[in-house]
Amino acid sequence: MKKSFHIFYDQATSIFTLLLAFLVTFSTIIIYYVQKKRDLKHNVTSSSSSAITTTPLLPEASGSWPVIGHLLLFMGEHQLTHVTLGNMADKYGPIFSVRLGSHRTLVVSSWDMVKECFTGMTDKLFSNRPVSLATKIMMYDTESYVFAPYGKYWRELRKISTHRLLSHQQLEKSKYMRVSEVDNAFKKLHESCSNNKQGGDTASATTLVRMDDWLAYLTFNVVGRIVGGFQSNAVTTGTTSSQEKFKLALTK
């Protein structure tokens with residue numbers, strides 16, 4: 001009885017697995033063809049109220065897969081992305097489209113076409129980017145300067161950034177802060193190398209340094225000094241400074 005029960009359970013599991021794989025494959029194919037049909041329908045525009053014309057479709061690179069699109073073409077071990085796009089441009093022309101996942105992406109490799117896209121009235125059409133759930137959650141519902149949609153709010157942010165934060169006068173005012181933080185970062189690096197030397201001979205001793213941590217430390221200190229007024233110290237003390245408390249609050 002125990003042996004027959006195990007045989008029946010294995011058969012049921014295999015049937016369920018095959019059925020699930022069939023449903024997933026079938027659903028993927030249906031989604032792919034629905035997306036194809038929607039893209040074809042979207043490219044049909046009306047030139048007037050009496051005549052309807054179909055705009056010529058952009059050439060799309062071959063080798064697209066359902067769901068993932070052309071991502072496999074850019075995942076080669078020794079193939080660079082710009083080389084792959086350059087080969088596609090030689091084959092399909094200076095303007096074509098690829099699919100990054102389910103999103104259709106325009107690729108332009110001609111200087112004249114790029115200039116036409118970002119000058120004149122067409123500049124507004126390329127100013128926005130698709131809004132994802134991640135940007136809504138992490139960027140306060142796309143209220144940041146980078147992910148904000150084009151409009152009055154974005155233009156005001158650009159005006160503040162250009163004239164009050166990144167102008168030549170403001171950069172000259174904050175120059176001494178950046179220079180001071182860079183000096184303190186190198187002093188801290190020298191202190192770390194002096195205290196963590198490995199090897200018997202002091203002259204030939206080596207020290208392992210995590211440059212990513214050091215660059216993150218330098219970047220945070222520069223931004224914190226300019227924005228929040230936090231001043232770093234070259235020598236580490238035993239007490240927790242307000243800068244360390246602020247950094248700890250950001251990571252929590």
Side-chain angles (χ1 to χ4, degrees), residues 71 74-75 77-85 100 114 118 126-150 153-252:
L71 291 178
F74 303 99
M75 296 175 62
E77 184 177 356
H78 303 288
Q79 187 71 11
L80 300 177
T81 303
H82 68 279
V83 176
T84 304
L85 293 175
L100 301 180
V114 172
F118 291 98
F126 292 91
S127 298
N128 292 329
R129 64 186 66 190
V131 179
S132 62
L133 181 61
T135 57
K136 285 187 176 182
I137 295 176
M138 300 177 63
M139 300 298 172
Y140 304 98
D141 198 12
T142 65
E143 293 295 329
S144 64
Y145 175 65
V146 178
F147 295 96
Y150 180 81
Y153 175 75
W154 184 84
R155 291 195 298 268
E156 188 66 24
L157 288 179
R158 183 182 63 177
K159 181 180 179 181
I160 294 174
S161 302
T162 304
H163 296 285
R164 299 185 182 181
L165 296 178
L166 301 177
S167 63
H168 179 73
Q169 184 178 4
Q170 292 296 330
L171 291 177
E172 286 296 325
K173 287 182 179 180
S174 61
K175 181 179 179 179
Y176 77 96
M177 299 182 186
R178 300 193 300 272
V179 173
S180 175
E181 292 301 327
V182 170
D183 291 340
N184 289 337
F186 275 103
K187 290 178 182 178
K188 186 176 179 63
L189 181 63
H190 180 268
E191 175 192 0
S192 177
C193 294
S194 301
N195 297 334
N196 301 319
K197 286 185 177 181
Q198 299 176 1
D201 189 7
T202 306
S204 61
T206 59
T207 304
L208 298 178
V209 179
R210 287 290 301 269
M211 293 303 299
D212 53 348
D213 294 340
W214 183 79
L215 291 174
Y217 168 83
L218 174 60
T219 304
F220 178 83
N221 289 343
V222 172
V223 175
R225 179 77 177 275
I226 296 175
V227 177
F230 300 112
Q231 186 172 1
S232 63
N233 298 321
V235 181
T236 305
T237 59
T239 60
T240 303
S241 62
S242 58
Q243 179 188 11
E244 296 297 331
K245 293 180 181 179
F246 180 70
K247 186 186 298 185
L248 183 62
L250 289 179
T251 56
K252 292 296 183 181

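For the single chain, residues carry numbers from 1 onward in sequence order.
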Report task. Would you list the pairs meeting salt bridge (Lys or Arg N to Asp or Glu O under 4.0 Å) in which at least one residue belongs to residues 165-177, sequence neighbours left out? Result ->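 Every candidate salt bridge (Lys or Arg N to Asp or Glu O under 4.0 Å) pair involving residues 165-177 fails, so no pair, neighbours aside, qualifies.
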Query - N/O donor-acceptor pair under 3.5 Å between Ser192 side chain and Lys188 backbone - result: no
Query - With sequence neighbours excluded, residues passing side chain to side chain contact (heavy atoms under 4.5 Å, CB included) with Leu157 - result: Tyr145, Tyr153
Query raised in the report: Mind checking what makes side chain to side chain contact (heavy atoms under 4.5 Å, CB included) contact with Ile137, not counting sequence neighbours?
Result: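 Partners of Ile137 by the side chain to side chain contact (heavy atoms under 4.5 Å, CB included) criterion, ordered by chain and then number, come out as Leu133.
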Query raised in the report: OG/Ser180 to CE/Met177 distance, rounded to the nearest 0.5 angstrom?
Result: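 Answer for the OG-CE pair, Ser180 versus Met177, is 9.5 Å.
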Query - Gap between atom CE of Met211 and atom CG of Leu218 - 0.5 Å precision - result: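 If I round to the nearest 0.5 Å, the distance is 9.5 Å.
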Query - Shortest non-hydrogen separation from Leu171 to Leu165 and the atoms involved - result: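 Scanning both residues, the minimum pair turns out to be CD2-O, 4.2 Å.
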Query raised in the report: Is there side-chain contact between Asn221 and Asn184, with at least one heavy-atom pair below 4.5 Å?
Result: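 Contact flag for Asn221/Asn184 side chains = no.
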Report task. Taking ring pair (Phe, Tyr, Trp, His ring centres under 6.0 Å) as the test, write out the residues that go with Phe74, two or more places apart. Result ->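 Ring pair (Phe, Tyr, Trp, His ring centres under 6.0 Å) list for Phe74, sorted by chain: empty.
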Query raised in the report: For Tyr150, what residues pass the ring pair (Phe, Tyr, Trp, His ring centres under 6.0 Å) criterion, not counting sequence neighbours?
Result: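 Once residues adjacent in sequence are excluded, the partners of Tyr150 under the ring pair (Phe, Tyr, Trp, His ring centres under 6.0 Å) criterion are Trp154.
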Requested in this report: Sort and list the pairs that fulfil ring pair (Phe, Tyr, Trp, His ring centres under 6.0 Å) and have at least one residue in residues 169-193, not counting sequence neighbours.
Outcome: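 Residue pairs passing ring pair (Phe, Tyr, Trp, His ring centres under 6.0 Å), neighbours aside: Phe186-Trp214.
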Query raised in the report: Does Asp212 have any salt bridge (charged side-chain N to carboxylate O under 4.0 Å, His left out) partners at least two apart in sequence or in another chain, and if so, which?
Result: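 Once residues adjacent in sequence are excluded, the partners of Asp212 under the salt bridge (charged side-chain N to carboxylate O under 4.0 Å, His left out) criterion are Arg210.
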Report task. Could you note down all residue pairs passing side chain to side chain donor-acceptor pair (under 3.5 Å) where residues 155-170 supplies at least one of them, sequence neighbours left out? Result -> none
